[in-house]
Amino acid sequence: MNVFSDFRDVVQADIKALQDAGSLPADLNASRVAVDPPREAAHGDLTCNAAMMLAKAAGMKPRDLAELLAVRLRDHPQISDVEIAGPGFLNLRLNEDYWRDHLRDVLAAGAAYGDSDMGAGEPVNVEYVSANPTGPLHVGHARGAVFGDVLASLLDKAGYAVTREYYINDAGAQVDALARSVHWRYSEALGAVSGDMPEGLYPGDYLVPVGKALAARDGARWQDQAEDEWLAEFRQLGVDAMMAQIRDDLAALGIEQSVFTSERALVEAGMVDAVVETVEGQDLIYVGVLEPPKGKKPDDWEERPQTLFRASNFGDDSDRPLKKSDGSWTYFASDLAYHLDKYRRGFKTLINVWGADHGGYVKRVAAGVEALTGGEAELDVKLCQLVRLLEDGEVAKMSKRAGTFVTLRELVDAVGRDVVRFIMLTRKNDAQLDFDLVRVREQSRDNPVFYVQYAHARSHSVARMALEAFPDADFSVAAARGANLARLTDSDELQLIKTIAAWPRTVEGAAEAHEPHRLAFYLYDLAAAFHALWSRAREDASLRFVVADDPELTQARMALVLGVRTVVASGLRVMGVEPVDELRA
RNA sequence: GCGCCCGUAGCUCAGUCGGAUAGAGCACCAGAUUCCUAAUCUGGAGGUCGCAGGUUCGAAUCCUGCCGGGCGCGCCA
């Protein structure tokens, strides 16, 4: 039901027909022929670049080729007008009835409007959040969490088989520090230590209950044991406790991932060895010496041979170490194992959502994925820039005291899940985002969350008014589908249908580009168009949605209002935001 | 020093696998407003798209080189 791809098919068919008739060469490559919305409404409903794309290969002037196509297109029953403009654009105008029928289709499809089979059921893995399980999530994680979650929903709507995944980094030195922190809290609960925690441990009080529970369960039996005796157990306990909290915090944001992959489990299952085996005989792993980084030389730099992966063969700037000096695998090695694991689970499209501070790591993982999958899997790393918290324009203080920070949970509690989710998508992922705790709660046009929600709420208030004016009438979606839409004659009304009709294209474009923020921008535009039409009735009462002496016209306009509601609701649901029926508190 | 990201109106930012006269909100200016639902509305002004080359029918978009900002740069994750 994508108008643009539908008419692209029409144009393609006409090109084919012209080829069959011998009017165009048979070997044209028409893959770059596109049908798009024109920038200027005056240029019509659709614009097509076919003539410019094919002119050279066809040995024709673009405008001559355009005329050839125009002759055919003018015969199409749904096309009311074809113009050739500029260097050879084909500008198409569609019948008003085409748009009215489209509105009927929107109402019939309901929430499924905008669904696409573009993905054709292809499995896609979206890995997001993946924060170290050493403490609660903070605001920085919220952006990646929302981004990843909405991207997953978007891909799902576009027809992909999406898996939402979290990678648990439970194998490195950081979780050992977590284990020691748990032990310290445990000792504290037993009264054996007090005051400030030693350096290198996690001082936040979120481990206090873990220590207490452990003391209550096991008493003092771990107290005087050597670290070797308790480290593994305490580590697992700490990781489990942190992951439980993280999942709980994510749930507060409306996020539920279905697969949690443990780095430790992967390593213990021999997945890193599998990496080595996979590239065996390809001379991709070797023992060598790396050059020290230029410019900023670490003080303790010492040249030494180490096990390296030949990442530079795949576009990385340097080869990368797989083993640490103590002989254990680096994080990079287990990350290769993880990506190989994802590939072996059947994913050829891998999307990772990371913080921008990991940007320097992208090339080596991409190199690894290319090497391990023979170029069969595609990795797209989406980097999310920082979120700056503001309070009415002033930078909010992030740190209350050492060891604490503004957590994701605090943010959600302060402004609500829906606001967090929407605002996080009001910027492209690679642009820094200002999150103003005060302004996101204002009820004004500057606040996009409010503005879009208001459009949805307004659709309900219009329905309530319609029912007041015509108590016996039926303004359900089912009834609206039978409305006499020929009564929609105002150009702004038809324009609103056209804006609605841009939704499927928005979904597909955003899904293809992995850019969920486009949904937020589209919804804002749709809301603006709806509010503008509403506002026109202030000056011209004949444009009101509810027309007291004309039930048929009211019914037709209600169909339009319900079309707007359908798309706003559908878009908000993809964003994980609950559409509201009423804004009055 | 190297790599990645960014640079678009006074401010914050969109800009569709390259498309026609580059858009929106805020701020500013000028009007309207006893209005079905309240959280206003309409219009105006505002641009060498960081700079300079290149690619082509066409460049904010692609390529190269500079300038400016952010992030990162063995044995952390």
Side-chain angles (χ1 to χ4, degrees), chain A residues 4 32 34 36-40 42-43 47 49 51-52 55-56 61-62 85-89 91 130-132 134 169 171-175 263 289-296 298 300-304 306 308 316-321 323-328 330-332 334-335 355-363 383 385-386 426-428 430-434 442-448 450-451 454 457-458 460-462 464-466 468-469 502 505-506 508-510 512-513 515 517-518 521 524-525 528 531-532 534-539 541 544-548 582-584:
Chain A
F4 303 94
R32 293 182 65 215
D36 295 307
R39 187 146 50 197
E40 301 275 330
H43 292 150
T47 183
N49 62 358
M52 281 98 74
K56 186 172 275 182
K61 288 185 196 161
F89 288 103
N91 290 336
S130 297
N132 290 333
T134 52
N169 297 127
Q174 296 187 8
V175 283
E263 178 189 3
V289 178
L290 279 182
E291 307 243 328
K294 301 231 162 52
K296 195 192 93 181
D300 57 346
W301 179 270
E302 61 172 289
E303 278 199 355
R304 60 173 196 83
Q306 52 189 338
L308 299 169
D316 199 358
D317 314 301
S318 145
D319 293 341
R320 303 296 178 180
K323 279 191 178 176
K324 305 186 219 170
S325 51
D326 67 0
S328 64
T330 59
Y331 176 79
F332 176 55
S334 48
D335 219 7
D357 54 340
H358 290 63
Y361 201 73
V362 173
K363 274 191 182 181
L383 299 175
Q385 274 289 353
L386 294 178
T426 54
R427 289 287 175 270
K428 209 159 48 176
D430 52 19
Q432 184 174 312
L433 183 144
D434 285 347
E442 282 173 6
Q443 299 204 334
S444 75
R445 182 173 184 148
D446 343 342
N447 178 0
F450 163 77
Y451 203 59
Y454 186 23
R458 178 165 268 172
H460 279 274
S461 70
V462 172
R464 286 190 290 269
M465 289 184 301
E468 265 177 48
R505 184 178 192 272
T506 302
E508 290 186 350
E512 184 168 23
E515 290 187 351
H517 74 279
R518 293 189 196 182
F521 283 91
Y524 184 84
D525 288 344
H531 292 313
W534 167 274
S535 299
R536 275 190 65 201
R538 292 158 59 102
E539 307 203 335
R544 290 182 180 184
F545 293 124
V546 179
V547 185
E582 208 174 1
L583 285 164
R584 215 191 284 276

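Naming: A, B, ... by sequence-line order, numbering from 1 per chain.
Straight-line distance from the CH2 atom of W534(A) to the P atom of rU40(B): 14 Å, rounded to whole Å. Across the protein-nucleic acid pair, E442(A) atom CD and rU40(B) atom P stand 10 Å apart, rounded to whole Å. Look at CZ on R304(A): it is 10 Å from P on rC75(B), rounded to the nearest Å. When rounded to the nearest whole Å, the span between CZ of R536(A) and C1' of rA32(B) equals 16 Å. If you take CG of D525(A) and P of rG23(B), they are 13 Å apart, rounded to a whole angstrom.
Heavy atoms from other residues, nucleotides or ligands lying under 6.0 Å from CZ of R32(A) number 12 at most.
At the heavy-atom level, G509(A) lies nowhere under 4.0 Å from the strands shown. Among the protein residues, S318(A) comes within range of no part of the nucleic acid, since none of its heavy atoms lies under 4.0 Å from any strand.
A cation-pi contact, defined as under 6.0 Å to the ring centre and within 45° of the axis, links R505(A) to F4(A).
For K56(A) and rC57(B), the shortest distance from a side-chain N or O to OP1 or OP2 is below 4.0 Å.
Nearest nucleotide to the side chain of N49(A), out of rC36(B), rG19(B), rC75(B): rG19(B). Of the candidates rA77(B), rC36(B), rA24(B), rA77(B) carries the atom nearest the N169(A) side chain, counting heavy atoms from C-beta on. If you check rC71(B), rC41(B), rG19(B) against the side chain of M52(A), the one that comes closest is rG19(B).
Pair check for rA52(B) finds rU64(B); Watson-Crick or G-U wobble, both atom distances under 3.5 Å. In this structure, rA38(B) forms no base pair with any nucleotide, since neither Watson-Crick nor G-U wobble geometry is met with both distances under 3.5 Å. When Watson-Crick and G-U wobble pairs are counted only if both distances are under 3.5 Å, rG3(B) pairs with rC71(B).
In this structure, R464(A) and R32(A) both approach RNA chain B, and ranking their closest nucleotides by distance from the 5' end singles out R32(A). Projected onto RNA chain B by closest heavy-atom contact, D36(A) and F89(A) fall at different nucleotides, the more 5' of which corresponds to D36(A).
A distance of about 14 Å separates the C1' atoms of rA24(B) and rG46(B), rounded to the whole Å. The P atoms of rC51(B) and rG68(B) are separated by 15 Å, rounded to the nearest whole Å.
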* Report, as a single string ordered 5' to 3', how protein heavy atoms within less than 4.0 Å touch nucleotides 2-15 of chain B: B base, S sugar-phosphate only, - not at all. => -SSSS-----SSSS

* To do: Output, in order, the C-alpha distance, side-chain angles, deciding distance and verdict of side chain to side chain contact (heavy atoms under 4.5 Å, CB included) for H531(A) and Y454(A).
  => CA-CA 9 Å; H531(A) 292 313; Y454(A) 186 23; 3.7 Å; yes

